[in-house]
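Along the sequence shown, residues carry numbers from 1.
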Amino acid sequence: MSNISSYSQYQRMLNDTTRLQRQQVTLNSQASSGKIGTVIGDLGVEARRSINIRSVNDQLATYQKNIAGVTLYASVMDTAMSKMTDLLNDLRNEYNKMSSDLSTNGTTSVPDTTFLNELGKRGMEELQNLLNTKVEGRYIFAGNDIHNAPVPDVNGLFAAFQSEMTANLPGATTAAQQADIVTNLKSYVGLPNTTLASIPVATNPPQAYMGGAGTSGLYGTSLQQAGGATMIARVDVDRQISYGLRADAPVFQDMFRALATAATITCPPGNLDGYKALLKDGFDATRTSITGLSNEVGKLGITRKEIQDIGQKHESVISSLTVALGDVEDVDMAVVATKLSQNSTALEATYKIIAQAKSLSLINFLS
């Protein structure tokens with residue numbers, strides 16, 4: 001009976017020791033990580049609350065990532081359009097200078113358009129480069145067609161304007177004829193024009209430089225197929241935001257027309273009025289572009305401010321959720337330290353008792 005009784009008592013001591021060892025492992029893990037456990041099951045009844053908080057946190061983190069992307073793209077767009085404004089201001093000043101020279105010199109000399117032509121040609125190339133700006137491998141002025149350059153080539157547009165100037169400007173002596181030239185120049189910039197498409201190439205020579213009847217040759221085919229779609233990002237649970245401009249926006253078409261006119265305009269002998277009419281149209285298009293670009297920059301600024309406010313709201317919510325998640329998952333380090341001390345004392349006592357029961361030293365038992 002004594003042996004049986006001793007064996008039962010010994011087994012209880014071993015079980016208690018094993019339990020204390022498991023608790024010691026758990027407490028050591030909690031002390032090092034600051035968390036209740038390493039798996040969701042360790043949280044017990046609080047597991048569902050932890051999952052819900054983490055789910056909302058992850059969703060908000062995704063929105064924050066989207067907001068950061070929109071902010072980056074909008075910032076680059078803003079910088080690009082600022083450069084476009086500088087370009088337009090230079091062009092407007094040159095158009096104004098050419099008009100002033102006409103008022104001063106009258107018809108005593110043929111206007112020299114060399115500098116205006118060079119400014120227009122370089123401006124077309126610079127505008128093309130700005131509209132083909134890429135961020136993180138994406139064309140930011142291409143709408144949702146982010147992998148294709150929205151303005152692949154400006155040479156076709158330049159050739160079309162040059163052909164129009166050469167073929168029709170010398171004979172455009174009446175206001176109606178001059179208006180026809182302006183109408184033609186407007187139609188050469190933009191997406192495929194159904195009106196031009198019905199006109200045979202042979203009777204409208206500039207189209208031959210533009211990829212066939214009704215095709216401008218300025219914007220990428222993929223951009224045309226994308227319609228009017230711009231970039232869209234979800235920045236909140238019930239908030240999607242459309243941002244940015246496409247390269248084929250009216251303001252950019254006006255810019256290309258003003259620049260292409262400057263690049264190709266000349267004063268044909270005997271038709272100063274036609275030259276004046278195109279000079280005025282180019283100046284007006286430049287002024288309209290400056291106003292339009294300023295409006296678009298303002299709209300983009302409003303969008304940036306809006307998503308900034310949403311982002312700050314998310315940060316506040318994420319901060320509150322982080323605190324709530326800590327209440328669920330984090331341990332009280334003071335409590336853990338106290339339990340570790342108590343558990344160590346209890347383990348030491350059980351080791352000694354077991355060692356005595358087996359006539360072993362504590363060192364032998366631990367080994």
I'd like to check Thr291 versus Val251 (side-chain heavy atoms, cut-off strictly below 4.5 Å). Are they in contact?
no
With a 3.5 Å distance limit and no angle check, can you tell me whether Tyr219 reaches the backbone of Pro152 through a side-chain donor-acceptor pair?
no
Using only atom types and a distance under 3.5 Å, with no angle test, would you say the side chain of Ser319 pairs donor to acceptor with the backbone of Glu315?
no
Counting distance only, does the side-chain N/O of Gln128 pair as donor-acceptor with the main-chain N or O of Val151 below 3.5 Å?
yes
Can you check whether Leu169 reaches Glu164 side chain to side chain, under 4.5 Å on heavy atoms?
no
Please confirm whether the backbone N or O of Val237 pairs with a side-chain atom of Arg234, one donor and one acceptor, at under 3.5 Å?
yes
With distance as the sole test, does Thr166 use its side chain to make a donor-acceptor pair with the main-chain N or O of Gln162 at under 3.5 Å?
yes
With a 3.5 Å cut-off and no angle check, do the side chains of Asn89 and Arg92 form a donor-acceptor pair?
yes
In terms of heavy-atom contacts, Leu293 and Leu88 come closest through CD2-CD1, 4.0 Å
Val56: which of Leu60, Ile53, Asn52 passes side chain to side chain contact (heavy atoms under 4.5 Å, CB included):
Leu60
Does Leu278 form a side-chain contact (heavy atoms from CB on, under 4.5 Å) with Leu185? I'd like the steps, not just the answer.
CA-CA 10 Å; Leu278 289 184; Leu185 295 180; 4.0 Å; yes
So which heavy atom on Met124 is nearest to which on Ala260, and how close?
SD-CA, 3.6 Å
Which pair of non-hydrogen atoms, one from Ala263 and one from Gly120, has the smallest distance, and what is that distance?
CB-C, 3.6 Å
What side-chain donor-acceptor pairs closer than 3.5 Å can you find for residues 71-82, not counting sequence neighbours?
residue: Thr71; atom: OG1; partner: Ile67; partner atom: O; Å: 2.8
residue: Tyr73; atom: OH; partner: Glu136; partner atom: OE1; Å: 3.3
residue: Thr79; atom: OG1; partner: Ser75; partner atom: O; Å: 3.1

Donor-acceptor pair, Ser316 side chain versus Lys313 backbone, under 3.5 Å?
no
Which distance, rounded to the nearest 0.5 Å, do you find between the CD1 of Ile181 and the CG of Asp281?
10.5 Å
Rounding to 0.5 Å, atoms CD (Glu125) and CG (Leu127) come to a distance of 11.0 Å
When every non-hydrogen atom of Ser289 is compared with those of Met255, the smallest separation belongs to OG-N, 3.2 Å
CA sep, side-chain torsions, deciding dist, call: Phe141, Asn132, side-chain contact (heavy atoms from CB on, under 4.5 Å)
CA-CA 7 Å; Phe141 287 103; Asn132 286 341; over 6 Å; no
Does any non-hydrogen side-chain atom of Leu218 lie less than 4.5 Å from one of Val189?
yes
Measure the shortest side-chain to side-chain distance between Leu91 and Leu116 over non-hydrogen atoms and say whether it is less than 4.5 angstrom.
yes
Stepwise side-chain contact (heavy atoms from CB on, under 4.5 Å) check, Tyr139 with His147
CA-CA 6 Å; Tyr139 290 98; His147 299 300; 5.7 Å; no
For Arg122, check salt bridge (Lys or Arg N to Asp or Glu O under 4.0 Å) against everything at least two apart and list the hits.
Glu118
May I ask you to check whether Asn148 and Asp145 show a side-chain donor-acceptor distance below 3.5 Å?
yes
At their closest point, which heavy atom of Asp90 faces which heavy atom of Leu119, and how far apart are they?
O-CD2, 3.8 Å
Check: Gly282 main-chain N/O paired with Thr261 side-chain donor or acceptor under 3.5 Å:
no
Side chain Tyr188, main chain Phe158, donor-acceptor under 3.5 Å:
no
Please name all residues satisfying side-chain hydrogen bond (donor to acceptor under 3.5 Å, both in side chains) with Gln177, sequence neighbours left out, ordered by chain then number.
Thr173, Thr174
Among residues two or more places apart or on two chains, list those pairs meeting ring-ring contact (aromatic ring centres under 6.0 Å, His included) that have a residue in residues 291-321.
Tyr63-His314
Provide the closest heavy-atom pair for Ile318 versus Ala61 in the form atom of the first, atom of the second, distance.
CD1-N, 4.5 Å
Heavy-atom distance under 4.5 Å between the side chains of Met84 and Leu131, does that happen here?
yes
Pairs in or reaching into residues 259-292: which pass ring-ring contact (aromatic ring centres under 6.0 Å, His included), with residues at least two apart or in two chains?
none
Under 3.5 Å, which donor-acceptor pairs do the side chains of residues 299-307 form with other protein atoms, sequence neighbours left out?
residue: Thr303; atom: OG1; partner: Lys299; partner atom: O; Å: 3.2
residue: Lys305; atom: NZ; partner: Asp309; partner atom: OD1; Å: 2.9
residue: Lys305; atom: NZ; partner: Asp309; partner atom: OD2; Å: 2.9
residue: Glu306; atom: OE1; partner: Arg239; partner atom: NH2; Å: 3.2
residue: Glu306; atom: OE2; partner: Arg239; partner atom: NE; Å: 3.0
residue: Glu306; atom: OE2; partner: Arg239; partner atom: NH2; Å: 2.2

Apply side-chain contact (heavy atoms from CB on, under 4.5 Å) to residues Val235 and Gln240 and explain how you reach the verdict.
CA-CA 6 Å; Val235 295; Gln240 281 193 153; over 6 Å; no
So, do Gln253 and Arg257 sit near enough that their side-chain heavy atoms are less than 4.5 Å apart?
no
Is a salt bridge present between Asp58 and Arg54, judged by a nitrogen-to-oxygen distance below 4.0 Å?
no
Is the shortest heavy-atom distance from the side chain of Leu279 to the side chain of Ser99 under 4.5 Å?
yes
Could you tell me if the side chain of Met98 sits less than 4.5 Å from the side chain of Glu94, heavy atoms only?
yes
Under 3.5 Å, is there a donor-acceptor pair between the side chain of Asp236 and the main chain of Asp238?
no
Expected output: side-chain Asn271 to main-chain Cys267 donor-acceptor under 3.5 Å:
no
State whether Asp284 and Arg287 are salt-bridged, where the test is any N-O pair (Lys NZ or Arg NE/NH1/NH2 against Asp/Glu carboxylate O) under 4.0 Å.
yes
